[in-house]
Student: 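If you scroll down you'll find the structure; I have some questions about it.
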Amino acid sequence: MRLSITYTVSRIPVAYRFMVLSLIKEALHQADQGYYHTVYVENKGKMKPFSTAVYLKNFTYHDNEIHLTSITINITSADMTFMLHLFNGLQRLATYPTPYGIWERSHIQMLQEAEIHSDHVQFSTLSPILIENKQGEPVHPHQIEYVQEFGYYAALRIRELAGREPYRPITIQPLNMKRVVIKETNSTFRQLNTAQKQLHFTAYRGQFMLKGHPADLQFLYQSGVGKRASQSFGMLEYIREG
């Protein structure tokens, strides 16, 4: 299930992903406090059942700020309960106050999604994919290690969110992927790091093929792939099968 919501916005920080995440958390809290408590308190530290991609309209950079006219947030999840709570909560947030001004909702809609029947599917990234090794270092798509680590995170996401093992191993074949460096920050990081104010993530965007069981590929398409999927990483767009 997928939805898209657009807000009229005049400025946001360059590190805006946690602000988007705060909006989603507030929407869940508005819809059902008990459900919010389950997802973000009882299951703190566990994977969240969604992925996001953010689009900025008419944007320009000004030091540590982005000036723009609107922000569109696309959200996907295989968890129908999560999406229904989120949709209900977002409907209540006609405005959303932030330190950079009030966001005013202009549009919200459900989006169509593809049904996967093949064990070979070509995807493109709607938000860049973050893959790191066990040492927390970024891995390049053309390294053998990337295929291994991608398969590890894909299996882990299915295991934690779907409560089962993948039906088959999942492998990736990069086709045309480019490096992008993402700047982000949060209050915990700022308290621990007085000199460095921002986190830097090296991720990759572009097109690739995934091979695996169709049900597993459908789940990853709906839930996102890689690390930090709930922080605007790893949301996929279906291109074709075979």
Side-chain angles (χ1 to χ4, degrees), residues 1-2 21 24 28 35 37-53 75-86 113-175 177 201 203-242:
M1 186 174 179
R2 296 185 164 210
L21 180 59
I24 292 172
L28 293 176
Y35 182 78
H37 189 274
T38 298
V39 174
Y40 280 101
V41 179
E42 294 178 10
N43 292 311
K44 182 179 181 181
K46 293 185 178 181
M47 286 186 178
K48 305 304 181 239
F50 68 97
S51 182
T52 58
I75 308 156
T76 181
S77 178
D79 188 331
M80 186 67 70
T81 299
F82 172 87
M83 290 299 282
L84 289 177
H85 283 307
L86 178 64
E113 63 181 15
E115 292 186 9
I116 293 172
H117 304 284
S118 172
D119 59 2
H120 287 74
V121 182
Q122 184 175 348
F123 293 101
S124 64
T125 56
L126 293 178
S127 52
I129 298 173
L130 179 63
I131 299 292
E132 297 176 341
N133 60 21
K134 294 177 177 59
Q135 290 72 44
E137 301 167 338
V139 186
H140 191 281
H142 296 294
Q143 294 176 279
I144 295 177
E145 189 180 11
Y146 188 89
V147 177
Q148 298 170 342
E149 294 296 339
F150 184 96
Y152 165 77
Y153 283 112
L156 182 62
R157 196 150 180 81
I158 293 171
R159 192 177 298 123
E160 286 203 12
L161 298 180
R164 61 172 177 82
E165 293 296 319
Y167 296 125
R168 297 180 201 162
I170 298 161
T171 58
I172 183 172
Q173 178 189 352
L175 298 176
M177 301 184 72
F201 299 109
Y204 289 85
R205 64 186 178 188
Q207 295 187 11
F208 57 93
M209 292 288 293
L210 283 187
K211 179 181 178 181
H213 191 281
D216 293 335
L217 301 184
Q218 182 79 40
F219 186 85
L220 295 174
Y221 164 61
Q222 292 177 313
S223 301
V225 297
K227 296 188 69 175
R228 298 180 180 269
S230 64
Q231 298 169 20
S232 297
F233 288 98
M235 185 172 175
L236 306 182
E237 177 74 348
Y238 170 93
I239 297 179
R240 64 180 179 87
E241 298 186 15

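In this text, all values refer to a predicted model and were calculated from it rather than measured experimentally.
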Student: Under the 3.5 angstrom rule, does the side chain of Gln207 hit a backbone N or O of Ser124 as a donor-acceptor pair?
Tutor: no

Student: Contact between Ile131 and Val225 at the side-chain level, heavy atoms closer than 4.5 Å - yes or no?
Tutor: no

Student: Check whether any side-chain N or O of Tyr40 sits under 3.5 Å from a backbone N or O of Leu28 as a donor-acceptor pair, and report yes or no.
Tutor: no

Student: Closest approach of Lys227 and Tyr153, non-hydrogen atoms and distance?
Tutor: CD-OH, 3.1 Å

Student: Can you tell me if Glu42 has over 12 outside heavy atoms packed within less than 6.0 Å of its CD?
Tutor: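 Atom CD in Glu42 is packed in, count exceeds 12.
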
Student: Is there a side-chain contact (heavy atoms from CB on, under 4.5 Å) between Asp79 and Met83 once you walk through the steps?
Tutor: CA-CA 6 Å; Asp79 188 331; Met83 290 299 282; 5.9 Å; no

Student: Should Thr81 and Tyr35 count as side-chain neighbours, where that means a heavy-atom distance under 4.5 Å?
Tutor: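 With C-beta onward as the side chain, the pair touches.
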
Student: With sequence neighbours excluded, give me every salt bridge (charged side-chain N to carboxylate O under 4.0 Å, His left out) pair touching residues 229-242.
Tutor: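 Qualifying pairs: Arg2-Glu237.
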
Student: Would you compute the distance between atom CD of Gln222 and atom CD of Glu113 and round it to the nearest 0.5 angstrom?
Tutor: 4.5 Å

Student: What closest approach, in Å, do Ser118 and Pro214 show between heavy atoms, and which atom pair accounts for it?
Tutor: O-CG, 3.5 Å

Student: Do the side chains of Ile116 and Phe123 get nearer than 4.5 Å, heavy atoms only?
Tutor: yes

Student: Of the non-hydrogen atoms in Leu21 and Gln231, which two are nearest, and what is the gap between them?
Tutor: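 So the minimum-distance heavy-atom pair works out to CD2-CG, 4.1 Å.
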
Student: Nearest 0.5 Å, what's the CG-CE distance between Leu156 and Met47?
Tutor: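 One gets 3.5 Å once the value is rounded to the nearest 0.5 Å.
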
Student: Val139 and Gln148: side-chain contact (heavy atoms from CB on, under 4.5 Å), yes or no, with the steps?
Tutor: CA-CA 10 Å; Val139 186; Gln148 298 170 342; over 6 Å; no

Student: For a side-chain contact (heavy atoms from CB on, under 4.5 Å) check, start with the C-alpha distance between Phe150 and Leu210, then their side-chain angles and the critical distance, and finish with the verdict.
Tutor: CA-CA 10 Å; Phe150 184 96; Leu210 283 187; 3.4 Å; yes

Student: Check whether Ser223 reaches the backbone of Pro49 with its side chain - one donor and one acceptor, N or O, closer than 3.5 Å.
Tutor: no

Student: Which heavy atom of Ser230 sits nearest to which heavy atom of Lys48, and what is that distance?
Tutor: CB-CB, 4.0 Å

Student: Salt bridge or not between Asp216 and Arg157? Use side-chain N to carboxylate O under 4.0 Å.
Tutor: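 No.
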
Student: Could you give the distance from NZ (Lys134) to CD (Glu145), rounded to the nearest 0.5 Å?
Tutor: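 So the NZ of Lys134 and the CD of Glu145 are separated by 8.0 Å.
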
Student: Side chains of Met177 and His140, heavy atoms from C-beta outward: is any pair under 4.5 Å?
Tutor: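 A side-chain contact under 4.5 Å is absent here.
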
Student: Just wondering, do Thr76 and Tyr221 contact through their side chains at under 4.5 Å, heavy atoms?
Tutor: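 Not in contact.
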
Student: With a 4.5 Å heavy-atom cut-off, do Glu132 and Glu149 have their side chains touching?
Tutor: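 No - every pair of side-chain heavy atoms lies 4.5 Å or more apart.
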
Student: Please check if the side chain of Asp119 supplies one atom and the backbone of Lys211 the other of a donor-acceptor pair under 3.5 Å.
Tutor: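 No; judged by distance alone, with no hydrogens or angles, the pair does not exist.
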
Student: Quick check for you: to the nearest 0.5 Å, what is the distance between Ile24 atom CD1 and Thr52 atom OG1?
Tutor: 5.0 Å

Student: When you measure from the side chain of Ser51 to the backbone N and O of Met235, does any donor-acceptor pair fall under 3.5 Å?
Tutor: yes

Student: Would you call the rings of Phe201 and Phe233 parallel, tilted or perpendicular if under 30° counts as parallel and over 60° as perpendicular?
Tutor: perpendicular

Student: For Glu115, is there any backbone N or O sitting under 3.5 Å from a side-chain donor or acceptor partner on Tyr238?
Tutor: no

Student: Could you state the interatomic distance from OH (Tyr204) to NE2 (His142), rounded to the nearest 0.5 Å?
Tutor: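 So the OH of Tyr204 and the NE2 of His142 are separated by 9.0 Å.
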
Student: As an exercise, state the distance from CG of Leu161 to NZ of Lys46, rounded to the nearest 0.5 Å.
Tutor: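 With rounding to 0.5 Å, CG (Leu161) is 10.5 Å from NZ (Lys46).
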
Student: Show the nearest heavy-atom pair for residues Pro141 and Pro174, with the distance to one decimal.
Tutor: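 Reported closest heavy-atom pair: O-CG, 3.3 Å.
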
Student: Dump the intermediate steps for side-chain contact (heavy atoms from CB on, under 4.5 Å) on Ile158 and Glu165, then the final yes or no.
Tutor: CA-CA 7 Å; Ile158 293 171; Glu165 293 296 319; over 6 Å; no

Student: Kindly give the heavy-atom pair with the smallest separation between Pro166 and Ile170, and that separation in Å.
Tutor: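 Where Pro166 meets Ile170 most closely, the heavy atoms are CB-CD1, 4.4 Å.
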
